Amino acid sequence: FFNGGLLKNGTIVGTHTSIQAPITQLFFSDIAVQGTWLVDEVYPDWFGCHYDYDTATHIGTDDSAAFNKAVEMAENCDIRKVKLSSGTYYIDEPIYIHKGNILIEGVSGQLREEMNEGEHPYYDYSVTSINTKASTIFVDHACDGIVIADSVCNSVMIEHVNLTAILPSSNTDNSGYISNAIHFKSDYYGPTWPVILKYCHFENFHHAFYLNSTHFRYSIYKLEFDHC
C-alpha cells in the first residue's frame, strides 16, 4: 500500500505483491521492477508521466523514460497490459517493446464515426473538439513512436492510442529522418503471434506502420488493422 513517497534507485522485487495506490507516480524512472505482482495493468503514471504537452506552445515534459519503464515492468513481470491515462504526452525517444505478449491500451481513439447519407459510415478526425478525453502521444519529428524490437516473438496489441508526429518548425530543423508511427523490426525467424492495431490514429508520419528486417526474415502470423 502506497500512501505518499516515491521509491528510487535499485531493484524492487514483488512476491505476489499487490499495489493499492492512486494512479500517480510511485517510482522514479531509475528503478527496476521485477518479480510477481498482483496487478492487471501497469500505468506510465507510476513512473512519472506528466502528459502535459501543450499543442499551442509545443512545450511538454519528455515522457519517454516513464513509458519505457512501464513497458519494461509489464514485460518482465508478465502483467501484459500498459494502460494510458487520457492526456497529451510528449516523447523524444521511441517507446520500445522488447518481448511482446503485451497490450498498450489508451483511452479512446481520435477518430469519430460519422454517418453520411448512404449506408456506410466514414471516419473523420478534422473536428478538433471530438473525444476530449483521449490518449495522444506527440512524437518528436526525429524519432519513431513505438518500436517493436527484433527480439519480439509474441503478440503485440495497441488499442485506442493516437500518435502524432510533431512537424519541424522550419525546413532547416529537420534531420532527414523518416519517421514511423509503428516501426516493426521483424527479425525473428519462427512461429510468431499476431500484431493487432485497433482504433488508433496516426498523423504526420512518413509511415503509419513500417515493417523492417535486417536479415529479410518476416515471420508474422497476422497483421490486423481495425478502424485505424
Side-chain angles (χ1 to χ4, degrees), residues 1-53 60-109 133-139 144-149 151-163 181-182 184 193-200:
F1 178 80
F2 288 87
N3 186 16
L6 297 173
L7 297 175
K8 184 178 182 180
N9 297 324
T11 301
I12 181 171
V13 180
T15 306
H16 301 292
T17 306
S18 62
I19 295 178
Q20 300 178 35
I23 303 175
T24 187
Q25 186 174 4
L26 307 178
F27 313 107
F28 280 95
S29 58
D30 58 358
I31 197 169
V33 183
Q34 300 175 1
T36 55
W37 296 80
L38 302 179
V39 295
D40 296 324
E41 50 203 18
V42 179
Y43 293 88
D45 309 58
W46 290 352
F47 296 90
C49 251
H50 295 83
Y51 42 93
D52 61 358
Y53 183 75
T61 308
D62 178 26
D63 287 326
S64 306
F67 264 116
N68 281 298
K69 277 296 179 180
V71 172
E72 178 186 283
M73 178 179 177
E75 290 188 314
N76 290 343
C77 303
D78 198 24
I79 297 173
R80 302 189 182 183
K81 182 193 287 189
V82 174
K83 180 68 175 179
L84 278 58
S85 300
S86 61
T88 51
Y89 301 82
Y90 167 70
I91 60 172
D92 66 6
E93 294 289 340
I95 300 167
Y96 287 95
I97 299 173
H98 290 284
K99 296 180 180 179
N101 200 20
I102 189 172
L103 163 65
I104 298 178
E105 183 182 66
V107 181
S108 181
K133 292 185 177 180
S135 303
T136 302
I137 303 172
F138 287 88
V139 184
D144 294 326
I146 298 174
V147 173
I148 304 173
S151 54
V152 170
C153 60
N154 279 310
S155 60
V156 174
M157 291 170 283
I158 303 170
E159 298 181 3
H160 295 286
V161 176
N162 306 313
L163 286 163
I182 311 291
F184 185 20
W193 296 94
V195 176
I196 300 174
L197 309 178
K198 290 185 176 182
Y199 297 96
C200 293

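All values derive from a computational prediction rather than experimental measurement.
Between the CG atom of Leu26 and the CD1 atom of Ile12 there is a distance of 9.5 Å, given to the nearest 0.5 Å. A distance of 11.0 Å separates OH in Tyr43 from CD1 in Ile19, rounded to the nearest 0.5 Å. To the nearest 0.5 Å, atoms CD1 (Ile182) and CD1 (Ile97) are separated by 7.5 Å. Between the CZ atom in Phe67 and the CD atom in Glu72 there is a gap of 15.0 Å [rounded to 0.5 Å]. Interatomic distance, Phe184 CZ to Asp144 CG, rounded to the nearest 0.5 Å: 14.0 Å.
Without hydrogens or angle criteria, Glu41 side chain to Lys83 main chain gives no donor-acceptor distance under 3.5 Å. Put simply, the side chain of Lys99 never gets that close to the backbone of Asn154: no donor and acceptor are under 3.5 Å apart. Checked by atom type and distance alone, the side chain of Ser135 never pairs as donor or acceptor with a backbone atom of Val161 at under 3.5 Å. A donor-acceptor pair under 3.5 Å is formed between the side chain of Asp63 and the backbone N or O of His50. For the pair Gln25 (side chain) and Cys49 (backbone), a donor-acceptor distance under 3.5 Å is absent. Between the Asp52 side chain and the Thr61 main chain, a donor and an acceptor come within less than 3.5 Å of each other. Between the Ser151 side chain and the His98 main chain, a donor and an acceptor come within less than 3.5 Å of each other. A donor-acceptor pair under 3.5 Å links the side-chain atoms of Asn68 to the main chain of Tyr96, judged by distance alone. The backbone N or O of Glu93 sits less than 3.5 Å from a side-chain atom of Ser64, completing a donor-acceptor pair.
Proximity of Val195 to Val152: side-chain heavy atoms (C-beta onward) are nowhere separated by under 4.5 Å. Using a 4.5 Å cut-off on side-chain heavy atoms (C-beta onward), Val82 and Ile95 make no contact. For the pair Asn101 and Arg80, the minimum side-chain heavy-atom distance is below 4.5 Å. In this structure, Leu163 and Ile137 have side chains that are in contact, with non-hydrogen atoms separated by less than 4.5 Å. Between Phe47 and Val42, the closest side-chain pair of non-hydrogen atoms falls below 4.5 Å. Between Ser85 and Ile23 there is a side-chain heavy-atom pair separated by less than 4.5 Å. A heavy-atom distance below 4.5 Å is not found between the side chains of Val33 and Asn76.
Residues Tyr51 and Tyr89 place their aromatic rings such that the two centres sit under 6.0 Å apart.
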- request: Kindly indicate, with the supporting measurements, whether the criterion ring pair (Phe, Tyr, Trp, His ring centres under 6.0 Å) is fulfilled by Tyr90 and Phe138.
  value: CA-CA 5 Å; Tyr90 167 70; Phe138 287 88; 8.7 Å; no

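Classified by interplanar angle (parallel below 30°, tilted 30° to 60°, perpendicular above 60°), the ring pair Tyr199/His160 is parallel.
When each of Leu103, Ile196, Ile146 is tested with Ile158 by the rule side chain to side chain contact (heavy atoms under 4.5 Å, CB included), just one qualifies, namely Ile146.
Nearest approach of Thr36 to His16, heavy atoms of both residues: OG1-N, 2.7 Å. Residue Gly48 comes nearest to Ala66 through the heavy atom pair C-CB, 4.1 Å, listed as atom of the first residue, atom of the second, then distance. In this structure, Gly35 and Val13 approach most closely via the heavy-atom pair CA-CG1, 4.0 Å.
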